[in-house]
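Just so we're on the same page: letters track the sequence lines, and every chain starts at 1.
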Amino acid sequence: MTHRQLQLVLLSGVVIALAILPRVITDVYMLNVLVLTLMYAALSQSWNILGGYCGQISLGHALYFGVGAYATSVFYASFGITPWLGALAGGVISMLLALGLGYPCFRLKGHYFSIATIVIAEIGLLLVHNWDAVGGALGIQWPIGPDSWVTLQFARDKAPYVYLALGLFVITWLVTYWIEDSRWGFWWRAVKDNPEAAESLGVEVFRSKMAAAALSAFFTALGGGFYAAFVSYIDPESVMTFRFSLLFALPAVLGGIGTLWGPLVGAAVLIPLTEITRSYMGGSGNGLDLIIYGALIMIISLAKPEGILSLFHRNAKPDARP
Amino acid sequence: MTLQAFLQVLASGLLMGLLYALIAVGLSLIFGLMDVVNFAHGEFLMVAMYATFGLWLATSLDPVVLMPAVTALMFVLGALAYFGVVRFAMRARTNVGMVQIFATFGLAVLIQGLAQFFFSPDYRSIPKSWLGGKTLDIAGVFLPLPQVFGGLISLLAFAGLYLLMDRTDFGKALEATREDQGAVALVGIDRNRVFALGWGLGVALVGLAGVVLAIFYYIHPHVGGPFALIAYVVVALGGFGSVFGALAAGLIVGVIEALAATVLPPAMKSIAVYLLYLGVVFVRPSGLFGRL
């Protein structure tokens, strides 16, 4: 069995295990944590396409997440269009947005690029905040309806959300898996490692970045659409702030940036710890949850710069960068 | 807009700009020295504000008097942050940039948690001080005294920084370490010491701004974020690593923001600053005065 076939077998195992979990766990709170973990794994996997494989550190993906969440919510709440289509529309809008923004932004390098992404997402946040047609600062409340796979509303049983989040994760994983071995994958890694050398060898650097951005934005928006359906109420602060942009990058960085399994591993460590410390210690507002969360991020990123995954790859070559 | 009103907007913008420059210059200094973007910069500002508040509460001395003590405290904190966190982040062999971002981001969250733990998430303020609430009237242009004081401190800090960089051995060591980290070791400069002093200095500078802000601004655990974002924009606009680029960019940002506030709703005034940043870097990808 080749290495790549082994990855597929591993995925099947993980999917079966995760699909069984909602049958075992009946506690609504734990199911919530599971949904969020899978959702952030999928979102981080999407971020990883641009940030991890192509090396363009975006800290503004909250924009695409917000566009997905808003498109889905507006289509459903105002026109009764199913979130399946709404999320898809959000994905396409985000993709076009990423291409339009990428055109000027990909001329920028390093921190100038990252700060441009932060600033653009902030502009988006402020515009939505003051845009009354999409609810302005108040946001959008989803109409209450019966449980249904058409409207993606499940009031009593949280298991369907687990399957949806798992489905989203599997799709982003498969896309990443396919890309790793495609021409795009090789181009992206070349762009990440040394854009000048890549260019001189005939890699179309600009087109590579644009393709990575479009794909990454599309799936981030799908995640936004899912989140909106899951929480049934969104406002600008709950989907578009800088915190989200960091939360999409963080699992990939902690797990292993630019790797197939990094985002899932990172999310599996980070999200349950965050959620559990928040609910057990955050309620009092004494900041203990923040202290633990901050210390954890600091310690993992300092102790394992290559990510948690590197623990399992004793002989693997770390991805060498100058 | 009448000339009077225009001068008022310009003066307020310039004063706020000087303060933005003072907040940003520490970030710029640290970046120029060692290519580290400090994501905890806003939290250092917040700590300085709380330190001022705490010392004021304990001693009931005026913030102006407390300034040297708070600045010294921040210097120590900066050096500690280098030895405790950043030194390890720089050792990373792979994806150094991300490790720095998230190590300092983790530090930022940790500091926020500590602030909440010791001071609660409530909004605090220093209700009465020598400068608070007073204004200076120059030919019909009203200037709030705390901001005037902040502007003066900022100008003095930049002048001091210029002398330090230009005239002292420490400044030469900073410049040499910035040019070539390996070579300085050969001439007997301890790289770690220079970096720690650089961090101390950078954080002490944001500490000065924190004392000024504490006089006229609300103090809470998340106060740093918006200022940090402006500081990043200022530093990048001026050009990463360019100390005086930060001064120029700070002034430009302050004035643009004040002008925007006259035509846009208050919450939207930052959009003008963000668009300015994008406009500049799309034309000059290394900022106004950056070396790339």
query = Is B:Phe83 atom CZ crowded by more than 12 heavy atoms from other residues, nucleotides or ligands, each under 6.0 Å away?
reply = yes
key: Test item: A:Leu127 and B:Ile271 side chains (from C-beta on) under 4.5 Å apart, heavy atoms   = yes
query = Side chain, backbone, both or neither: which part of B:Leu114 has a non-hydrogen atom closer than 4.5 Å to chain A?
reply = both
key: B:Phe88, CZ atom: more than 12 neighbouring heavy atoms under 6.0 Å   = yes
message = Tell me the closest heavy-atom pair linking A:Ile123 and B:Leu275, and the distance in Å.
response = CD1-CD2, 3.8 Å
key: Proximal component of B:Leu237, with respect to chain A [non-hydrogen, under 4.5 Å]   = neither
ask   = Which atoms form the tightest heavy-atom contact between B:Ala103 and A:Leu302, and what is the distance?
value = CB-CD2, 3.7 Å
Over 12 non-hydrogen atoms of neighbours within 6.0 angstrom of OH in B:Tyr217 = no
Spatial distance of atom CG (A:Leu296) from atom CG (B:Leu110) [nearest 0.5 Å] = 11.0 Å
ask   = Does B:Phe240 offer a backbone N or O that forms a donor-acceptor pair with the side chain of A:Tyr112 under 3.5 Å?
value = yes
message = Looking only at heavy atoms and a cut-off of under 4.5 Å, which of B:Val233, B:Val37, B:Ile111, B:Thr104 has the most pairs with chain A?
response = B:Val37
message = What I'd like to find out is whether the side chain of B:Val281 reaches to under 4.5 Å of the side chain of A:Phe113, using heavy atoms alone.
response = no
message = Could you tell me if the side chain of A:Leu108 sits less than 4.5 Å from the side chain of B:Phe282, heavy atoms only?
response = yes
inquiry  = Please identify, among B:Phe118, B:Tyr277, B:Phe119, the residue contributing the most non-hydrogen atom pairs under 4.5 Å to chain A.
reply    = B:Tyr277
Beyond-backbone contact of B:Phe105 with A:Leu250, side-chain heavy atoms, under 4.5 angstrom = yes
Rounded distance (nearest 0.5 Å) linking atom CE of B:Met268 with atom CG of A:Asn130 = 4.5 Å
task = Indicate the atoms forming the closest heavy-atom contact of B:Leu278 with A:Ala116, along with that distance.
result = CD2-CB, 3.9 Å
ask   = Taking atom CG of A:Leu246 and atom CZ of B:Phe102, what is their separation to the nearest 0.5 Å?
value = 5.0 Å
